[in-house]
Asks: 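Structure incoming, see below.
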Amino acid sequence: MTRDPGPAVARAARALVGTPFRLHGRDPRSGLDCIGLVAAALESAGLPADPPAGYGLRNTDPGDPDAIARRSALHPASGPPRPGDVVIVRPGPGQLHLLVCAGADGFIHAHAGLRRVVAMPGPLPWPVLGRWRPGGKD
């Protein structure tokens with residue numbers, strides 16, 4: 001049986017709390033957006049990350065999120081969220097947002113309004129559109 005990389009992804013995301021927010025940010029030294037946060041957490045946990053580019057803060061067409069997730073070793077998840085799961089939500093019209101499940105503590109995400117990566121308790125206040133698990137399938 002392969003080890004579950006989810007807890008390592010959750011720890012890596014938690015270590016990024018306080019990192020500045022920057023749209024299209026991919027380097028924790030200069031700032032991350034939600035996609036950059038997920039990519040940095042995956043890479044820190046030793047997993048591949050192939051994040052999309054060329055999107056805005058408002059985006060109603062994310063393309064094929066499952067295909068994007070597969071390129072980063074993420075697979076559709078079911079059941080209750082587990083540490084390291086990546087969640088896509090719709091916080092408002094024309095907005096999509098990614099978060100990393102931190103376990104019982106809630107979620108880690110890059111908050112554009114607060115201009116930094118933050119931890120927030122669950123449950124999520126927004127509609128969940130999908131969830132993926134790092135490494136292997138359920």
Asks: Let me confirm one number: the CG-CG distance from L74 to D85, rounded to the nearest 0.5 Å.
Replies: 9.0 Å

Asks: Indicate the atoms forming the closest heavy-atom contact of V89 with V87, along with that distance.
Replies: CG1-CG1, 3.8 Å

Asks: Compare every heavy atom of H75 with every heavy atom of A73, then report the nearest pair and how far apart it is.
Replies: O-CD2, 3.8 Å

Asks: Give a yes or no on whether L42 and I88 share a hydrophobic cluster (residues Ile, Leu, Val, Met, Phe, Trp, Tyr; joining criterion: side-chain heavy atoms under 4.5 Å apart).
Replies: yes

Asks: May I ask whether V86 and L129 are part of the same hydrophobic cluster, defined by side-chain heavy atoms of I, L, V, M, F, W, Y residues being less than 4.5 angstrom apart, directly or through others?
Replies: yes

Asks: Identify the two heavy atoms, one from G135 and one from L47, that lie closest to each other, and give their separation to 0.1 Å.
Replies: N-CD1, 4.3 Å

Asks: Kindly write out the residues that satisfy salt bridge (charged side-chain N to carboxylate O under 4.0 Å, His left out) with R71, not counting sequence neighbours, or none if the list is empty.
Replies: D50

Asks: Is it possible for you to say whether I35 and W132 belong to one hydrophobic cluster, with membership spreading through side-chain heavy-atom contacts below 4.5 Å?
Replies: yes

Asks: Please confirm whether the backbone N or O of A45 pairs with a side-chain atom of R11, one donor and one acceptor, at under 3.5 Å?
Replies: no

Asks: Are any of the side-chain heavy atoms of D33 and R26 separated by less than 4.5 Å?
Replies: yes

Asks: Work out which heavy atom in T19 is nearest to a heavy atom in G31; give both atom names and the distance.
Replies: CG2-CA, 4.3 Å

Asks: Identify each donor-acceptor pair in which a side-chain atom of residues 106-120 lies under 3.5 Å from a protein atom, sequence neighbours left out, and give them as a table.
Replies:
unit_1 : atom_1 : unit_2 : atom_2 : d
H109   : ND1    : H97    : NE2    : 2.8
H111   : ND1    : G113   : N      : 3.1
H111   : ND1    : L114   : N      : 2.9
R116   : NH1    : L114   : O      : 3.2

Asks: So, using side chain to side chain contact (heavy atoms under 4.5 Å, CB included) as the criterion, who are the partners of V100 when residues are at least two apart?
Replies: V9, A13, V38

Asks: Which pair of non-hydrogen atoms, one from P5 and one from P134, has the smallest distance, and what is that distance?
Replies: CG-O, 3.5 Å

Asks: With sequence neighbours left out, which residue pairs that include part of residues 91-114 fulfil the salt bridge (charged side-chain N to carboxylate O under 4.0 Å, His left out) condition?
Replies: R14-D105

Asks: Nearest heavy-atom pair of A8 and R3: which atoms, and what distance?
Replies: CB-NH1, 4.3 Å

Asks: Please name all residues satisfying side chain to side chain contact (heavy atoms under 4.5 Å, CB included) with A10, sequence neighbours left out, ordered by chain then number.
Replies: P83

Asks: Would V128 end up clustered with L98 when hydrophobic side chains under 4.5 Å apart are linked, directly or stepwise?
Replies: no

Asks: Rounded to the nearest 0.5 Å, what separation is found between the CG atom of D27 and the CG atom of L32?
Replies: 7.5 Å

